[in-house]
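What follows is a single structure, written as structure tokens, with notes after it.
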Amino acid sequence: MPFRTLIALSRLILNSPARGIGARARQSLGDHQSAAEDRLKELQSHPNGPHEGMGVSPQKWADCAEAFINAGNHQKARELLEDYFDNYSIKVTSYARFETAPMRMLAKLLIQSGDFERGCEFAQQAYSSDHQCPMDVLIYALVLESSGDSVAARRVFDEANQINDQMPGVKDLHERLTE
């Protein structure tokens, strides 16, 4: 491939608003802040969801928050998710099976900032969801551990471990709960 063609293709990908291609390219190149901002622009340009009639995608909001976390901007990630729950979560329709992704993400951010009570509320909401995934169970156990409820953390951990003992964080939590 000629060098000029490669440069043109790179520019096209990096500046593409289509389905986060530019954001993914920037992230893979280590430009996490620009990738996060690209994802946010994409969300803002489609306030009712990426596809007409499908509703808001909770996973896209969680991915955007994660991009801000990767850029080291935890406060922006938290603000983004607070905005999601205040204004956009009611617009989730076709993507309901992903509803727990932003709950998990916000629970982790709240725990990291010391807001154990609210973190536990979001983790419990994800854990109790009809759309629960294995990571929701593990996050709930982590939140319970962080809040000091080791008995409940152990009970929920056992459940997470039975679902998938290879999830990232399972072994570390097991070691802490058995000390």
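- Under the 4.5 angstrom side-chain criterion for Ile, Leu, Val, Met, Phe, Trp and Tyr, Ile90 has no cluster partners at all.
- A distance of 11.5 Å separates CG in Asp86 from CD in Glu79, rounded to the nearest 0.5 Å.
- Nearest heavy atom pair, residue Ile69 against residue Ala77, reads CG1-CB, 3.7 Å.
- By the salt bridge (charged side-chain N to carboxylate O under 4.0 Å, His left out) test, Arg78 is found to be paired with Glu82, Asp115, residues two or more places apart in sequence or in another chain being considered.
- Contact between Cys120 and Val143 at its shortest, heavy atoms only, is CA-CG1, 3.3 Å.
- Rounding to the nearest 0.5 Å places CE of Met103 at 7.0 Å from OH of Tyr84.
- Scanning both residues, Ala62 and Pro102, for their nearest heavy atoms gives CB-N, 3.9 Å.
- Val92 and Phe85 fall within the same hydrophobic cluster, where Ile, Leu, Val, Met, Phe, Trp and Tyr residues are linked whenever their side-chain heavy atoms come under 4.5 Å apart, directly or through other members.
- Annotation: salt bridge (charged side-chain N to carboxylate O under 4.0 Å, His left out) contacts of Glu37 (sequence neighbours excluded): none.
- When the side chains of ILVMFWY residues are joined at heavy-atom separations under 4.5 Å, either directly or via intervening members, Ile111 and Met105 end up in two distinct hydrophobic clusters.
- The distance from the CG atom of Leu142 to the CG atom of Leu177 is 8.5 Å, given to the nearest 0.5 Å.
- Hydrophobic clustering of Ile, Leu, Val, Met, Phe, Trp and Tyr side chains at less than 4.5 Å, counting indirect connections, unites Phe68 with Leu106.
- Heavy atoms only, all atoms of each residue included: Ala107 and Ala123 are closest at CB-N, 3.8 Å.
- Checking Gln59 against Asp63 by side-chain atom types alone, a donor-acceptor pair falls below 3.5 Å.
- Across all non-hydrogen atoms, the minimal contact from Thr100 to Ala126 is CG2-O, 3.7 Å.
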Exercise. Are Arg39 and Lys60 close enough, and set up right, to give a side chain to side chain contact (heavy atoms under 4.5 Å, CB included), and what steps lead you there?
Worked result: CA-CA 8 Å; Arg39 288 180 184 274; Lys60 287 193 179 286; over 6 Å; no

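- Qualifying salt bridge (charged side-chain N to carboxylate O under 4.0 Å, His left out) partners for Arg155, counting only residues two or more places apart in sequence or in other chains: none.
- For Asp149, there are no salt bridge (charged side-chain N to carboxylate O under 4.0 Å, His left out) partners at least two apart in sequence or on another chain.
- Pairs engaging residues 92-111 under the salt bridge (Lys or Arg N to Asp or Glu O under 4.0 Å) rule: Arg104-Asp136 [sequence neighbours left out].
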For this session: Evaluate the criterion side chain to side chain contact (heavy atoms under 4.5 Å, CB included) for residue pair Asn48 and Val56; output intermediate values, then yes/no.
Result: CA-CA 6 Å; Asn48 294 315; Val56 169; 5.6 Å; no

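- Counting non-hydrogen atoms of neighbouring residues, nucleotides and ligands closer than 6.0 angstrom, the CG atom of Asp165 exceeds 12 such neighbours.
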Exercise. After noting the C-alpha distance and the side-chain angles of Thr178 and Arg154, does the key distance pass the side chain to side chain contact (heavy atoms under 4.5 Å, CB included) rule?
Worked result: CA-CA 9 Å; Thr178 55; Arg154 182 68 199 174; 3.5 Å; yes

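- Counting side-chain heavy-atom gaps under 4.5 Å among Ile, Leu, Val, Met, Phe, Trp and Tyr, the cluster of Met54 also holds Tyr95, Phe98.
- Nearest heavy-atom pair across Ala65 and Leu80 is N-CD2, 3.4 Å.
- Applying the ring pair (Phe, Tyr, Trp, His ring centres under 6.0 Å) rule to Tyr88 yields the partners Trp61; only residues at least two apart in sequence or on another chain are considered.
- Here the side chain of Ser147 pairs a donor or acceptor atom with the backbone of Leu144 at under 3.5 angstrom.
- Separating the CD atom in Glu66 from the CG atom in Leu109 is a distance of 10.5 Å, to the nearest 0.5 Å.
- Considering CG of Leu110 and OG of Ser146, their distance stands at 11.5 Å, rounded to 0.5 Å.
- With sequence neighbours left out, the ring pair (Phe, Tyr, Trp, His ring centres under 6.0 Å) criterion links Tyr140 to Tyr127.
- Summarising the hydrophobic clusters (Ile, Leu, Val, Met, Phe, Trp, Tyr; side-chain heavy atoms under 4.5 Å, direct or chained), the residues clustered with Val151 are none.
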Exercise. Between Glu121 and Gln124, does a side chain to side chain contact (heavy atoms under 4.5 Å, CB included) hold up when you go through it step by step?
Worked result: CA-CA 5 Å; Glu121 288 173 18; Gln124 185 174 29; 5.9 Å; no

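- Surrounding NZ of Lys41 are at most 12 heavy atoms belonging to other residues, nucleotides or ligands under 6.0 Å away.
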Quick one: side chains of residues 167-174, donor-acceptor pairs under 3.5 Å with protein atoms, not counting sequence neighbours, listed by atom name and distance.
none

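- Taking His46 as the reference, Glu42 meet the side-chain contact (heavy atoms from CB on, under 4.5 Å) condition, with sequence neighbours excluded.
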